[in-house]
Each structure stands twice: as C-alpha cells, then as structure tokens.
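Taking it in order: structure first as structure tokens, then the write-up.
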Amino acid sequence: MGRRSGLVIRIGKPDTVLMELAKAIGADTIYAHIEVSRDKVKEEEKIEAAMKEENMEVKYFWGSTLYHAHDLPFMLEDMPTKYGDFREKVNGLEVKKMIEALD
C-alpha cells in the first residue's frame, strides 16, 4: 500500500533536471541544503546560473552536517582531507542542539 508521497526521481545533470522540473510544476524558487564540498558547491553554482537565466531563484538552508560551517575554526577551502586532521581541529566544538519534534 503506497503512501503517495509525491516523490519524484530524475536522472541527469542537476542543473538541467532541476530546471526541467521547476518549469514543469511552475516553480519560481528551489530550496535546498547548502553544500560544503568543492564539487557540490560547483554544482550549486551551475544550478544558480541556470535558474538565473530563467528568472528563478535558489534559496539554501543549513542541515546536512554535524557542525555548521560558520562554527568551524577554518575556512571551507581549508577543510582537512583526512578525518583525523578534521577531528583534531574541531575538538571542543559544540554540536548545535536540535529542535524538539513537533506533535
């Protein structure tokens, strides 16, 4: 028995697929988790450029990592590539509290 979640699965380049989907449903804005890895940030830039050409907007929110980027003791460009080095640099940082689940 399905739940009819409305989940849409597409395969392709994110900038192309998201633009096609946005046009198909008449969206003028896309909301997404902000990314931190170099490759993903480059993908975001392509998506933003494609959306801008069509007068659409991309809005980001944080939520995909344990530590918020603004709390890190280094710039994202200087992110350690080895976990041990990363762990050493973030030692002592507090993880932000989660909000309580709504009823």
Side-chain angles (χ1 to χ4, degrees):
M1 178 179 278
R3 293 186 182 234
R4 301 176 188 224
S5 69
L7 175 65
V8 176
I9 298 174
R10 302 284 168 98
I11 298 172
K13 293 181 180 181
D15 52 322
T16 303
V17 171
L18 287 172
M19 181 57 64
E20 290 170 356
L21 184 58
K23 285 181 178 181
I25 64 172
D28 59 4
T29 306
I30 290 178
Y31 291 83
H33 276 139
I34 193 165
E35 293 291 343
V36 295
S37 73
R38 235 173 262 164
D39 292 340
K40 296 295 181 188
V41 170
K42 286 180 183 178
E43 282 183 23
E44 285 177 350
E45 290 170 356
K46 289 179 185 176
I47 292 167
E48 288 175 32
M51 296 291 284
K52 187 175 182 176
E53 285 182 18
E54 299 293 327
N55 295 318
M56 295 185 193
E57 190 175 2
V58 181
K59 292 186 179 182
Y60 297 104
F61 55 93
W62 194 260
S64 56
T65 61
L66 186 59
Y67 299 108
H68 193 286
H70 299 289
D71 295 337
L72 295 174
F74 48 81
M75 299 298 295
L76 293 178
E77 299 82 31
D78 301 323
M79 176 85 65
T81 57
K82 295 179 184 171
Y83 177 73
D85 295 339
F86 173 82
R87 191 75 199 132
E88 184 179 308
K89 289 191 176 204
V90 298
N91 189 25
L93 284 183
E94 287 189 35
V95 175
K96 292 189 180 210
K97 294 190 185 327
M98 305 274 293
I99 61 170
E100 294 293 323
L102 300 175
D103 291 334

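Quick note: residue numbers are just sequence positions, from 1.
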#### Entry: Flag if over 12 foreign heavy atoms under 6.0 Å of OH, Y31
no
### Task
Tell me, please, which residues at least two apart from R87 pass side-chain hydrogen bond (donor to acceptor under 3.5 Å, both in side chains).
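Partners of R87 under the side-chain hydrogen bond (donor to acceptor under 3.5 Å, both in side chains) test: Y67.
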### Task
Could you pull out the closest heavy-atom pair between I11 and V17, with the gap in Å?
O-CG2, 3.8 Å
### Closest non-hydrogen atom pair between M56 and A22, with its separation
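Between these two residues, the closest heavy atoms are SD-CB, 3.8 Å.
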### Task
Indicate if V90 and L66 have the same hydrophobic cluster label, given that clusters are the connected sets of ILVMFWY residues with side-chain heavy-atom separations under 4.5 angstrom.
yes
### Query
Given a cutoff of under 4.5 Å between side-chain heavy atoms of I, L, V, M, F, W and Y, with clusters grown through shared members, what are the other residues clustered with I9?
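Noted: I9 shares its cluster with L7.
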### Query
Can you list the other members of the hydrophobic cluster that holds M75, where links are side-chain heavy atoms under 4.5 angstrom apart?
none
N/O donor-acceptor pairs under 3.5 Å from side chains in residues 45-55, not counting sequence neighbours:
unit_1: E48; atom_1: OE2; unit_2: Y60; atom_2: OH; d: 2.8

### Task
Start with the C-alpha gap between F86 and N91, add the side-chain angles, then the distance that decides, and say whether side chain to side chain contact (heavy atoms under 4.5 Å, CB included) holds.
CA-CA 9 Å; F86 173 82; N91 189 25; over 6 Å; no
#### Entry: Partner residues of D85 under the salt bridge (charged side-chain N to carboxylate O under 4.0 Å, His left out) criterion, sequence neighbours left out
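Counting only residues at least two positions away or on another chain, D85 forms no salt bridge (charged side-chain N to carboxylate O under 4.0 Å, His left out).
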### Query
For Y83, what residues pass the ring pair (Phe, Tyr, Trp, His ring centres under 6.0 Å) criterion, not counting sequence neighbours?
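Y83 satisfies ring pair (Phe, Tyr, Trp, His ring centres under 6.0 Å) with no other residue.
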For the [atom1] atom of [X] and the [atom2] atom of [Y], what is their distance to the nearest 0.5 Å?
X	Y	atom1	atom2	result
K59	T29	NZ	OG1	5.5 Å
D28	E57	CG	CD	8.0 Å
M79	F74	CE	CZ	5.0 Å
L72	K89	CG	NZ	10.5 Å

### Task
Using the side chain to side chain contact (heavy atoms under 4.5 Å, CB included) rule, take R10 and L21 through it: C-alpha gap first, then chi angles, then the decisive distance, then the call.
CA-CA 9 Å; R10 302 284 168 98; L21 184 58; 3.9 Å; yes
